[in-house]
Amino acid sequence: MSDSIKKKLKLKVSAISEGTVIDHIPSENLFNVISILELDKVTEMITFGANLDSGKLGSKAIIKISKHFFENDDINRIALIAPHAKLNIIRDYEVVEKKVVEVPDNVVGIVKCFNPKCITNNEAITTKFAVISKEPITLKCQYCEKITSEEQMVIK
Ligand code: CTP
Ligand code: ZN
């Protein structure tokens, strides 16, 4: 195979000139990441790929958001569903910075409380949790004080 074909095959989604590349997203959570980061409100170019081959994850997704840079607090909101995501900050076609996501101390929205009787499961109230363990993730509901463990986590 020629070098030119190899190069074309390697890049599944075109390189961008300026912006953020979020790599190593579990494919099954791609659309949750799009929703949590409110990418529907971004007006610059967004490209993405899903079900791409990845050594580590088996299958990964990638999102490229042109001319857009995130605050750490915003990006850490995806830590629960894309714990191994890597952010690449692109300036003038070069990766100038790589960031990993960190599980935040508090989680607002995103996850459902595991307690069916919790007020957040019965009224239109946004969930709020304190993160009492980051590995494995353990959330304590600020309304009913019940624990939601990593295996019990359901995305809203
Ligand atoms: N990328 C891009 N546009 C650029 C530069 C890079 O879309 N102008 C993308 C690459 O396609 C890749 C990611 O940004 O998905 C990270 O680029 P790079 O660090 O060059 O790749 P890797 O070394 O493979 O990254 P890592 O091993 O950290 O995942
Ligand atoms: Zn609760």
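Keep in mind that this is a model prediction, so the values were computed, not measured.
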A.B. asks: Closest heavy-atom contact between I22 and L37?
C.D. replies: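 Closest pair (atom of I22, atom of L37, distance): CD1-CD1, 3.6 Å.
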A.B. asks: Is a donor on one side and an acceptor on the other found under 3.5 Å between the side chain of E94 and the backbone of R91?
C.D. replies: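 No.
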A.B. asks: Mind listing the closest non-hydrogen atom pair of I147 and T138 along with its distance?
C.D. replies: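 Closest heavy-atom pair between I147 and T138: CG2-CG2, 3.4 Å.
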A.B. asks: Check for me, please, whether V131 and Y143 land in the same ILVMFWY cluster - side-chain distances under 4.5 Å, paths through other members count.
C.D. replies: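 Hydrophobic grouping puts V131 apart from Y143.
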A.B. asks: With a 4.5 Å cut-off on side-chain heavy atoms, are Q142 and N106 touching?
C.D. replies: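 Counting from C-beta outward, N106 and Q142 do come under 4.5 Å.
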A.B. asks: Check for a donor-acceptor pair, side chain of T20 on one end and backbone N or O of H68 on the other, with a separation under 3.5 Å.
C.D. replies: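 Yes; judged by distance alone, with no hydrogens or angles, the pair exists.
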A.B. asks: Is the side chain of K134 donor-acceptor paired with the backbone N or O of V103 at a distance under 3.5 Å, no angle test?
C.D. replies: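 Yes: the side chain of K134 pairs with the backbone of V103.
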A.B. asks: If you group Ile, Leu, Val, Met, Phe, Trp and Tyr by side-chain heavy-atom gaps below 4.5 Å, do I90 and I63 land in one group?
C.D. replies: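 Per the 4.5 Å side-chain linkage, I90 and I63 are not co-clustered.
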A.B. asks: With a sphere of 6.0 Å drawn around CZ of F114, does it hold more than 12 non-hydrogen atoms of other residues, nucleotides or ligands?
C.D. replies: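 Not more than 12 within 6.0 Å, no.
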A.B. asks: Identify whether I62 and F48 are in the same connected component of the hydrophobic contact network (ILVMFWY, side-chain heavy atoms under 4.5 Å).
C.D. replies: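 Result: no, two separate clusters.
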A.B. asks: Report yes if some heavy atom in the side chain of V154 is under 4.5 Å from a heavy atom in the side chain of V111; otherwise report no.
C.D. replies: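 No. Closest side-chain heavy atoms not under 4.5 Å.
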A.B. asks: Grab the two heavy atoms, one from V101 and one from A82, that are nearest each other, plus how far apart they are.
C.D. replies: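 For V101 versus A82, the nearest heavy atoms are CG2-O, 3.5 Å.
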A.B. asks: What I want to check is whether the side chains of N72 and K99 have a donor and an acceptor closer together than 3.5 Å.
C.D. replies: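 Their side chains do contain a donor-acceptor pair, which is all the 3.5 Å distance test asks for.
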A.B. asks: May I ask you to test the C113-N121 pair for a side-chain heavy-atom distance under 4.5 Å?
C.D. replies: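 Touching, per the 4.5 Å side-chain cut-off.
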A.B. asks: Are any non-hydrogen side-chain atoms of I81 and I155 less than 4.5 angstrom apart?
C.D. replies: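 A side-chain contact under 4.5 Å exists here.
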A.B. asks: Are side-chain N/O atoms of S27 and S59 paired as donor and acceptor at under 3.5 Å?
C.D. replies: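 Note: S27 and S59 side chains meet the donor-acceptor criterion.
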A.B. asks: Please examine the side chains of L139 and M153, heavy atoms only from C-beta on, and report whether any two atoms are closer than 4.5 Å.
C.D. replies: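 Heavy-atom side-chain distance check passes, below 4.5 Å.
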A.B. asks: Do D40 and I34 come close enough that some side-chain heavy atom pair is under 4.5 Å?
C.D. replies: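 They are not in contact (no side-chain heavy atoms under 4.5 Å apart), so the answer is no.
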A.B. asks: Between K12 and D53, is the closest basic N to carboxylate O distance under 4.0 Å?
C.D. replies: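 Here D53 does not pair with K12 in a salt bridge, since their nearest N and O are not under 4.0 Å apart.
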A.B. asks: Please say whether the positively charged group of R77, taken as NZ for Lys or CZ for Arg, lies over the ring of F70, i.e. under 6.0 angstrom from the six-membered ring centre and within 45 degrees of the axis.
C.D. replies: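 No; the conditions do not both hold, so R77 does not lie above the ring face of F70.
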A.B. asks: Give the minimum heavy-atom separation between K112 and T127, together with the two atoms involved.
C.D. replies: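 K112 and T127 have their closest heavy atoms at CA-CG2, 4.3 Å.
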A.B. asks: Closest heavy-atom contact between N88 and V95?
C.D. replies: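 Closest heavy-atom pair between N88 and V95: OD1-CG1, 3.8 Å.
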A.B. asks: Sub-3.5 Å donor-acceptor pair from the side chain of K64 to the main-chain atoms of S14, do we have one?
C.D. replies: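 Such a contact is found between K64 side chain and S14 backbone.
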A.B. asks: In the structure I gave you, are the side-chain heavy atoms of V21 and I16 within less than 4.5 Å of one another anywhere?
C.D. replies: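 Side-chain contact under 4.5 Å: yes.
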A.B. asks: Kindly give the heavy-atom pair with the smallest separation between H24 and S54, and that separation in Å.
C.D. replies: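 Smallest interatomic distance, heavy atoms only, reads ND1-OG, 4.4 Å.
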A.B. asks: Check this for me: E102, atom CD, are more than 12 non-hydrogen atoms of other residues, nucleotides or ligands nearer than 6.0 Å?
C.D. replies: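 No - once you tally the heavy atoms of other residues, nucleotides and ligands closer than 6.0 Å, there are 12 at most.
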A.B. asks: Would you say the side-chain atoms of N122 pair up with the backbone N or O of P116, donor to acceptor, closer than 3.5 Å?
C.D. replies: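 Yes; at least one donor-acceptor contact below 3.5 Å.
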A.B. asks: Answer yes or no: is there a side-chain heavy-atom contact under 4.5 Å between K67 and E18?
C.D. replies: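 With C-beta onward as the side chain, the pair touches.
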